[in-house]
Amino acid sequence: PKPTEVTPAVIMKSYACQRRTPLKHHNSFLTEALEILAENAEFSENEGRSVAFRRSASVLKALPYVVRAMNELKDLPCLGEHSLRVIKEILEDGTSSEVESTRQSEQFQAMKALTGVFGVGARTADRWFREGLRSPEDLIRTGQKLNHAQQAGVQYYTDLNTPVTEKEAMVISDIVEKAVKAVLPGAIITLTGGFRRGKEVGHDVDFLITHPEEGAEERLMPKIVNWLEDQGLLLYQKTTRNSYLESKDGPARPPSNMDRFERCFSIFKLEQAQVNSDTRLEASSCNFGTTDGTQECHSGSSWRAVRVDLVVSPYSQFAFATLGWTGSKLFERELRRWAGQEKGMSLSSHALYDSKQQRYLHAISEEDIFAHLGLEYIPPSERNA
Ligand code: DGT
Ligand code: MG
């Protein structure tokens with residue numbers, strides 16, 4: 001940085017995957033407002049509108065300074081008319097009337113409460129809202145028919161809406177490591193999702209599991225789940241074959257081994273004593289364990305419920321899966337958009353297909369994938385788009 005410069009000259013690339021987006025940035029007062037509008041658009045299933053607000057917010061996250069005036073935004077990409085209007089209002093008045101009225105609205109609050117139930121998406125929540133329901137209590141009171149996931153979601157509502165700390169994620173990492181090693185020695189377990197990007201809290205803990213010997217990972221998930229269940233560590237689990245084959249945005253002709261990809265949505269029963277007593281973690285060299293060990297026992301109980309996602313990938317797809325499960329969601333979306341629009345390629349969590357060459361591109365690391373895509377490598381801690 002040159003000390004003589006008044007306004008930093010920022011070259012802002014237009015795709016989030018071309019930029020470095022740190023976790024902590026300078027414009028939360030703006031991005032949080034824009035993200036309320038994005039969330040509200042998601043509640044009404046208006047994806048285009050939601051992505052537009054998320055892209056605007058993401059550009060502001062990548063700025064190396066606090067935005068103080070509209071003229072500082074003039075050369076930036078992705079800032080649409082609506083986002084600019086909201087930003088202008090906040091810069092002038094301190095708040096945006098649209099954002100505040102959204103935040104206060106009965107519909108927004110009810111949608112937030114109802115989609116906060118594990119297993120409930122915007123469509124179901126909206127139907128319930130129109131039937132007059134506002135909260136998880138209303139679901140119980142009116143005897144709504146709930147599937148197994150939603151029943152668990154209601155039962156553990158408070159716990160599942162209490163952010164997971166790094167320390168809890170670390171204890172769960174140890175448990176998952178133990179489970180996986182017990183059923184398949186030599187397996188590799190990677191923490192993905194927000195915690196891999198350096199987040200201090202998360203809504204869940206995400207893991208990706210593989211084995212260097214291709215095929216050794218087959219039928220692994222049921223074994224892991226059985227081990228965890230035998231230990232009484234699971235409150236809920238549902239293992240699914242990856243729905244990738246039916247998804248719209250994957251390559252047209254995926255390799256034949258794709259249907260091996262398995263995912264387990266689970267709820268762990270995490271003993272609080274384990275979290276509070278694990279002093280070993282504080283001395284650990286990994287990027288966890290910096291918090292003090294004085295966490296309160298949640299609601300007086302000896303354990304709490306935590307959402308954990310497990311994904312098993314064949315070794316040949318591990319780099320793609322790692323990249324695909326590290327996020328952020330916008331970063332992933334932008335990677336796929338870049339691949340398609342700028343490179344004529346199709347990227348998924350399984351593979352990268354080059355339409356011009358009509359072949360799949362091999363990768364053993366995330367660096368390989370960025371290189372195939374003609375992008376500078378962005379480390380996980382700067383994928384917080
Ligand atoms: P959070 O809310 O603190 O858990 O934040 P993240 O970033 O960990 O978000 P999460 O756990 O919903 O998802 C982690 C990443 O995994 C996300 O950035 C994109 C990816 N992901 C999530 N769901 C799917 C899915 O169904 N298919 C694929 N391919 N990727 C997914
Ligand atoms: Mg996560």
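All values derive from a computational prediction rather than experimental measurement. Whatever order the structure lists ligands and atoms in, that order sets their numbers, starting from 1.
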Is the closest N or O pair between Glu332 and ligand 1 shorter than 3.5 Å? no
Would Thr326 count as a polar contact of ligand 1, with the cut-off being nitrogen or oxygen pairs under 3.5 Å? no
Please walk me through it: do Glu334 and Leu330 pass side-chain contact (heavy atoms from CB on, under 4.5 Å)? CA-CA 6 Å; Glu334 293 280 277; Leu330 185 70; 4.1 Å; yes
Any side-chain donor-acceptor pair under 3.5 Å between Thr95 and Glu100? no
Side chains of Phe320 and Leu352: closer than 4.5 Å at any heavy-atom pair? yes
Please could you name the atoms of ligand 1 that Gly202 approaches to less than 4.0 Å, counting only its heavy atoms? 3 (O)
Classify the contact between Ser328 and ligand 1 as side chain, backbone, both or neither, using a heavy-atom distance cut-off of under 4.0 Å. backbone
Side chains of Thr322 and Glu366: any donor to acceptor distance under 3.5 Å? no
Distance under 4.0 Å to a non-hydrogen atom of Asp204: what atoms of ligand 1 satisfy this? 4 (O), 11 (O)
Atoms of ligand 1 less than 4.0 Å from Arg263 heavy atoms? 23 (N), 24 (C), 25 (C), 26 (O)
Does any non-hydrogen side-chain atom of Leu34 lie less than 4.5 Å from one of Arg54? no
Identify, by atom number and element, the atoms of ligand 1 in contact range of Asp206, meaning under 4.0 Å from any of its heavy atoms. 8 (O), 11 (O), 14 (C)
Lys/Arg N to Asp/Glu carboxylate O, Glu92 vs Lys88, below 4.0 Å: yes
Taking only heavy atoms of Ser349 into account, list the atoms of ligand 1 that are under 4.0 Å away from them. 29 (N)
Looking only at distances, please establish whether an N/O atom of ligand 1 is found under 3.5 Å from an N/O atom of Val201. no
Partner of Gln107 under side chain to side chain contact (heavy atoms under 4.5 Å, CB included), picked from Asp126, Thr102, Asn40, is Asp126
Would you mind listing which atoms of ligand 1 come within a distance below 4.0 Å of any non-hydrogen atom of Gly193? 8 (O), 14 (C)
Look at atom 28 (C) of ligand 1 and find which of Trp325, Phe331, Phe195 reaches it with the closest heavy atom. Trp325
Whether Phe108 and Phe43 hold their rings parallel, tilted or perpendicular, with breakpoints at 30° and 60°: tilted
Is the centre of the Tyr156 ring less than 6.0 Å from the centre of the Phe118 ring? no
Do any heavy atoms of Arg197 fall under 4.0 Å from ligand 1? yes
Strictly under 2.8 Å, is any N, O or S atom of Asp204 next to the Mg ion (ligand 2)? yes
Given Ala385, Gly327, Gly324, identify the one with the heavy atom nearest to atom 18 (O) of ligand 1. Gly327
So which N/O/S atom does Asp206 have closest to the Mg ion (ligand 2)? OD2
Could you work out, for atom 5 (O) of ligand 1, the closest of Lys199, Arg333, His350 by heavy-atom distance? Lys199
Is NZ or CZ of Arg337 both nearer than 6.0 Å to the six-membered ring centre of Tyr15 and within 45° of the ring axis? yes
Using salt bridge (charged side-chain N to carboxylate O under 4.0 Å, His left out) as the criterion, point out the one residue from Arg19, Arg197, Arg20, Arg196 that pairs with Glu382. Arg20
For Lys329, the atoms of ligand 1 under 4.0 Å from one of its heavy atoms are 9 (O), 10 (P), 12 (O), 17 (C), 18 (O)
